[in-house]
Amino acid sequence: MKIGYPCINLSIGCTTNSTFRLKNYSERNLIEKVNNNLDCLQKILEFNLKHNLLFFRMSSDIVPFASHPINKFNWQKYFKNRFEEIGNFIKKYDFRISMHPDQFVLLNSPDKKIVQNSIKELIYHCEVLDLMGLDKTAKVQIHVGGVYYDKKESIKRFVRNYQQLPAMVKSRLVIENDERLYSIIECLSIYQETGIPIVFDYFHHSCLNKGETYLEGINMALKTWQKKDGLMITDYSTQKKGARTGTHTEHIDLKDFENYIQSTLYLDFDIMLEIKDKEKSALKALKILKKWRR
DNA sequence: AGTTGTCAAGCTAGT
DNA sequence: ACTAGCTTGACAACT
């Protein structure tokens, strides 16, 4: 079991998300920013290694405008060696890596243009992982998408569009239960049509479920992961007090997390902590993990 | 030097 | 009709 946090480290003082405005697009700008982002990624991974946080979600912003039509630059070739170096570091120390494209990636949109843009964006994410030389346990995680007034039809559309994806995307893509639209049960119906593994999101499941407990939910998701996919990935967070339903907490709820760990000792999976204070909570979570596991 | 409106992209629910 | 929230800040023009 590995534990990690997404995209941003708050104590190092660098970011992998540096970018520029579209109107300022130039190859020079792009190269400068990607160099900066990759340097920072390396630093974050070194920090994580030192602290035994071996699961990391890489930012989608490493290559700004990667899938935008303005970008004709062969960044894949230009940064090949740098990606490979970082990939070697990841493999040497046995990190688990994932990525999470943002809310604009919608495979089940009725709008063909949106689907096309989404596929381009997915290809970009998978290219990064391929360039790093990571195996298919490095996953790209998305939500099912919108409902568009007809959930059944929208699920069908997801399945149809999934089947059209290039193999390099299919082999990495996983879906996650969300907090408002698609519960774990509905993800399972997509799994049955596609074989796509399901990320179990503990917090989202608490917001939206069909009566199954989180232990039932996590066991349902577990069955969708094959050996080639690596350990099941799960997301963990809790509700921010006083905020609207679905808002992630600022700091980890240690009591809830310890209960979660205690109740799942018989399972093996990786945990991504979607908590706003990032590595601070991840380090606390790791302590609890060590108390209960080995 | 610090503040603040805006930034490629979508959807939903709440105000 | 507008906007917070999503996984989330960073840029750049302005004071």
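Naming: A, B, ... by sequence-line order, numbering from 1 per chain.
The aromatic rings of A:Y260 and A:Y202 lie tilted to each other, with the angle between the two planes from 30° to 60°. The aromatic rings of A:F20 and A:F65 lie tilted to each other, with the angle between the two planes from 30° to 60°. Between A:H100 and A:H143, the ring planes are tilted. Angles from 30° to 60° get that label.
In this structure, a donor-acceptor pair under 3.5 Å is present between the side chains of A:Q42 and A:E46. A:Y214 and A:S263 share a donor-acceptor pair across their side chains, judged by distance under 3.5 Å alone. Side chains of A:T194 and A:Q163: no donor on one and acceptor on the other come within 3.5 Å. In summary, the side chains of A:S237 and A:H248 do present a donor paired with an acceptor at a separation below 3.5 Å, with no hydrogens or angles considered.
A stacked arrangement is not assigned to A:F104 and the six-membered base ring of B:dG10, the conditions of a centre distance below 5.5 Å and an interplanar angle below 30° not being jointly met.
Taking atom P in both C:dT8 and B:dG2, one finds a spacing of 27 Å when rounded to whole Å.
For A:D235 and C:dT8, the CG to P distance is 11 Å, given to the nearest whole Å. Distance CD1 (A:I119) to P (B:dA8): 23 Å, rounded to an integer number of Å. If you take CG of A:N117 and P of B:dG10, they are 8 Å apart, rounded to a whole angstrom. Following rounding to the nearest Å, A:Y182 (OH) and C:dC6 (C1') show an atom-to-atom distance of 16 Å. Atom CD1 of A:I123 is separated from atom P of B:dA9 by 21 Å (rounded to the nearest Å). The separation between A:E176 atom CD and B:dC11 atom C1' is 15 Å, rounded to whole Å. Nucleotide C:dA4 holds its P atom 17 Å from the CD atom of A:E179, rounded to whole Å. One atom, CD1 of A:I114, and another, P of B:dG10, lie 5 Å apart when rounded to the nearest Å.
Each of A:L53, A:L231, A:D94 was evaluated against A:K2; a single residue qualifies, A:D94, per the side-chain contact (heavy atoms from CB on, under 4.5 Å) test.
Heavy-atom distances under 4.0 Å link DNA chain C to A:K33, A:R57 of residues 26-61 of chain A, given in residue order. Non-hydrogen atoms lying under 4.0 Å from DNA chain B are contributed by nothing in residues 3-18 of chain A. Using a 4.0 Å cutoff on non-hydrogen atoms, no part of residues 62-77 of chain A comes near DNA chain C.
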Q. Tell me, what's DNA chain C's dot-bracket, Watson-Crick or G-U with both distances under 3.5 Å, | for other-strand, [ ] crossing?
A. ||||||..|||||||

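At least one cation-pi condition fails for A:R157 and A:Y162: the charged atom is not both under 6.0 angstrom from the six-membered ring centre and inside a 45 degree cone around its axis.
The environment of OH in A:Y266 is crowded: more than 12 heavy-atom neighbours from other residues, nucleotides or ligands sit within 6.0 Å. Shown here is A:K80, whose NZ atom has no more than 12 heavy atoms of other residues, nucleotides or ligands within 6.0 Å.
Side chain of A:R180 to main chain of A:H204: no donor-acceptor pair is present (N/O by atom type, distance under 3.5 Å, no hydrogens or angles).
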Close N or O pairs between protein and nucleotides 13-15 of chain C (under 3.5 Å):
none

Quick one: which protein N/O atoms are closer than 3.5 Å to N/O atoms of nucleotides 12-15 of chain B? Pair and distance per line, please.
from: B:dT12; atom 1: OP1; to: A:V147; atom 2: N; distance (Å): 2.7
from: B:dT12; atom 1: OP1; to: A:Y148; atom 2: N; distance (Å): 3.0
from: B:dT12; atom 1: O4'; to: A:R180; atom 2: NH2; distance (Å): 3.2

Q | Criterion side chain to side chain contact (heavy atoms under 4.5 Å, CB included) on A:F104 and A:I114, from CA distance to verdict | A | CA-CA 8 Å; A:F104 309 109; A:I114 291 172; over 6 Å; no

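A salt bridge links A:D268 with A:R293: the distance from a Lys NZ or Arg NE/NH1/NH2 to an Asp or Glu carboxylate oxygen falls below 4.0 Å.
Between A:S118 and B:dA9 there is no side-chain polar atom (N or O) within less than 4.0 angstrom of OP1 or OP2.
Contacts of A:Q103 with the nucleic acid, taken as non-hydrogen atoms under 4.0 Å apart, include base atoms.
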